[in-house]
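By convention in this document, chain letters (A, B, ...) are assigned in the order of the sequence lines, proteins followed by strands, and residues within each chain are numbered from 1.
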Amino acid sequence: MKIATFNINGIKARLPRLLEWLAETRPSVACLQEIKSQDETFPGNEIEALGYHVLTHGQKAFNGVAVLTDGKAGFEPPKEIQRGLGIEGPKEGEGEQARYLEVDATGPDGTVRVACLYLPNGNPHPGPKFNYKLAWMAALRTRMAAIWAEEVPAVVLGDFNVIPEDDDVFSVRAMANDALMQPESRGAYARLLGDGWTDAVRTLNPRGGVWTYWDYQAGAWQRDHGFRIDHILLSPECADRMRAVGVDKAHRGREKASDHAPVWLELSL
DNA sequence: ATGGTCGCGTAGCGA
């Protein structure tokens with residue numbers, strides 16, 4: 001089975017590109033971030049027409065995540081396990097932002113726990129938004145420990161908004177003050193790996209230089225000024241079954257593209 | 001140091 005993550009940066013602007021990507025690459029499970037839509041107005045019908053089941057966790061205008069499963073390939077609708085991590089947004093009285101959706105994905109070859117996440121950006125640093133990011137990462141670590149304890153095949157993936165190492169960014173100097181690569185952000189990410197989770201995308205090149213995001217500004221795509229912030233973490237039950245991993249880089253170069261490229265993993269399960 | 005570009009929703013915030 002193939003499990004993918006794609007920060008689409010707005011479903012209203014991205015629907016044609018999303019449908020195209022689904023049809024061309026046909027992931028068994030697709031995790032979407034930044035749908036920027038409420039559940040009621042998410043265009044599920046057009047995605048279902050391709051044979052996908054759709055589960056959304058959205059909010060108005062910002063954030064929002066979704067999980068799709070390939071009904072045509074014999075996958076059941078995503079079975080919801082948990083939405084949200086119970087962390088209040090950084091603004092007073094704002095409530096919780098829509099950033100986490102955990103499901104069981106069951107297909108012909110078995111069940112995988114899939115946690116789709118959109119981690120807070122955390123800029124500007126320092127400040128309340130950065131503190132919110134760190135609190136969110138602490139809650140994520142707690143939740144991942146609970147998943148670990150279930151000893152099920154599990155994949156935790158999405159836009160982590162963390163550049164893990166210096167060789168995961170086009171220029172350390174250009175990004176030095178960004179929340180995405182502060183020592184606290186990196187430390188929290190490193191603790192997840194220290195807990196035993198495998199960074200699947202890192203295996204593409206252990207020396208770095210793999211990008212999943214290119215800014216819209218300053219000709220970043222044309223200059224290949226990118227960085228790696230979309231990650232796929234595997235429980236031990238999945239790490240042994242990893243068969244292939246990749247970045248659909250060409251999709252970043254298309255008309256009206258997202259600023260992220262899709263990232264995927266093939267499991268022998 | 002600044003400005004550079006998008007999306008949502010239709011001003012200004014978030015990235």
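Closest to the side chain of Lys12(A), from the set dG14(B), dA15(B), dG9(B), is dG9(B). Distances from the side chain of Arg14(A) to the nucleotides dC8(B), dG14(B), dG7(B) place dG7(B) closest. The side chain of Ala13(A) approaches dC8(B) more closely than any other nucleotide in the set dC13(B), dC8(B), dG4(B). In this structure, of dA15(B), dT5(B), dC8(B), it is dA15(B) that holds the atom nearest to the side chain of Asn121(A).
The salt bridge (Lys or Arg N to Asp or Glu O under 4.0 Å) analysis of residues 128-142 of chain A, with sequence neighbours excluded, yields the pairs Arg141(A)-Asp195(A). Among residues at least two apart or in separate chains, salt bridge (Lys or Arg N to Asp or Glu O under 4.0 Å) pairs with a member in residues 209-227 of chain A are Asp224(A)-Lys249(A).
For the pair Asp159(A) CG and dA15(B) P, the computed distance is 10 Å after rounding to whole Å. A straight line from CG of Asn63(A) to C1' of dG14(B) spans 9 Å, rounded to a whole angstrom. When the P atom of dG14(B) is taken as reference, atom NE2 of His260(A) falls 17 Å away, rounded to whole Å. With rounding to whole Å, Met175(A) atom CE is found 11 Å from dA15(B) atom C1'. Between Lys36(A) atom NZ and dA15(B) atom P the separation is 9 Å, expressed in whole Å. One interatomic measurement links the two molecules: CG of Leu180(A) to P of dA15(B), which rounds to 10 Å at whole-angstrom precision. Taking atom CD on Gln217(A) and atom C1' on dG14(B), their separation rounds to 12 Å, with Å as the unit. Spacing between atom CD1 of Ile163(A) and atom C1' of dA15(B) amounts to 13 Å, rounded to whole angstrom units.
dG12(B) sits 23 Å from dA1(B) when the C1' atoms are compared, rounded to a whole Å. For the P atoms, the distance from dG3(B) to dC8(B) is 26 Å, rounded to whole Å. Comparing the same atom, C1', in dG9(B) and in dG14(B) gives a spacing of 13 Å after rounding to whole Å. Rounded to whole Å, the separation between the P atoms of dG7(B) and dT2(B) comes to 27 Å. For the C1' atoms, the distance from dC6(B) to dA11(B) is 16 Å, rounded to whole Å.
Residue contacts shown for Tyr118(A) are limited to sugar-phosphate atoms, with no base heavy atom under 4.0 Å away. Counting non-hydrogen atoms under 4.0 angstrom, Ile11(A) reaches the backbone sugars and phosphates but no base.
Aromatic pair Trp211(A)/Phe170(A): ring centres not closer than 6.0 Å.
Between Lys60(A) and the phosphate of dC8(B), there is no side-chain N or O to OP1/OP2 separation shorter than 4.0 Å. Using a 4.0 Å cut-off, no side-chain N or O of Lys256(A) falls inside it from OP1 or OP2 of dC6(B).
Between Asn7(A) and Asp230(A), the side chains place no donor N or O within less than 3.5 Å of an acceptor N or O (distance only, hydrogens not considered). Judged purely by distance below 3.5 Å, without hydrogens or angles, the side chains of Asp70(A) and Ser28(A) never pair a donor atom with an acceptor atom. For the residue pair Gln33(A) / Thr5(A), a side-chain donor-acceptor distance below 3.5 Å is found, with atom types taken as modelled.
Taking the side chain as every heavy atom from C-beta outward, Cys31(A) and Phe6(A) never approach each other to under 4.5 Å.
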Identify each donor-acceptor pair in which a side-chain atom of residues 160-167 of chain A lies under 3.5 Å from a protein atom, sequence neighbours left out, and give them as a table.
unit_1, atom_1, unit_2, atom_2, d
Asn161(A), ND2, Leu119(A), O, 2.8
Asp166(A), OD1, Arg186(A), NH1, 2.9
Asp166(A), OD1, Arg186(A), NH2, 3.0
Asp167(A), OD1, Arg202(A), NH1, 2.8
Asp167(A), OD1, Arg202(A), NH2, 3.4
Asp167(A), OD2, Arg202(A), NH2, 3.1

Cut-off 3.5 Å, no hydrogens considered: what does the side-chain donor-acceptor table look like for residues 146-155 of chain A, sequence neighbours left out?
unit_1, atom_1, unit_2, atom_2, d
Glu150(A), OE1, Arg113(A), NH2, 3.0
Glu150(A), OE2, Arg113(A), NH1, 3.3

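Where Ile35(A) and Asp259(A) each meet DNA chain B at their nearest nucleotide, the meeting point lying more 5' is that of Ile35(A). Two residues, Ala257(A) and Asn161(A), neighbour DNA chain B, and the one matched to the more 5' nucleotide by heavy-atom proximity is Ala257(A).
Listed in residue order, the members of residues 247-255 of chain A having a heavy atom less than 4.0 Å from DNA chain B come to none. Proximity of residues 86-101 of chain A to DNA chain B (heavy atom under 4.0 angstrom from any strand atom) is restricted to Lys91(A), Arg99(A).
With Tyr213(A) as reference, His260(A) is the one residue of His225(A), His231(A), His260(A) to meet the ring-ring contact (aromatic ring centres under 6.0 Å, His included) rule. For the side-chain hydrogen bond (donor to acceptor under 3.5 Å, both in side chains) with Glu102(A), the lone residue among Lys79(A), His57(A), Arg143(A) that qualifies is Arg143(A).
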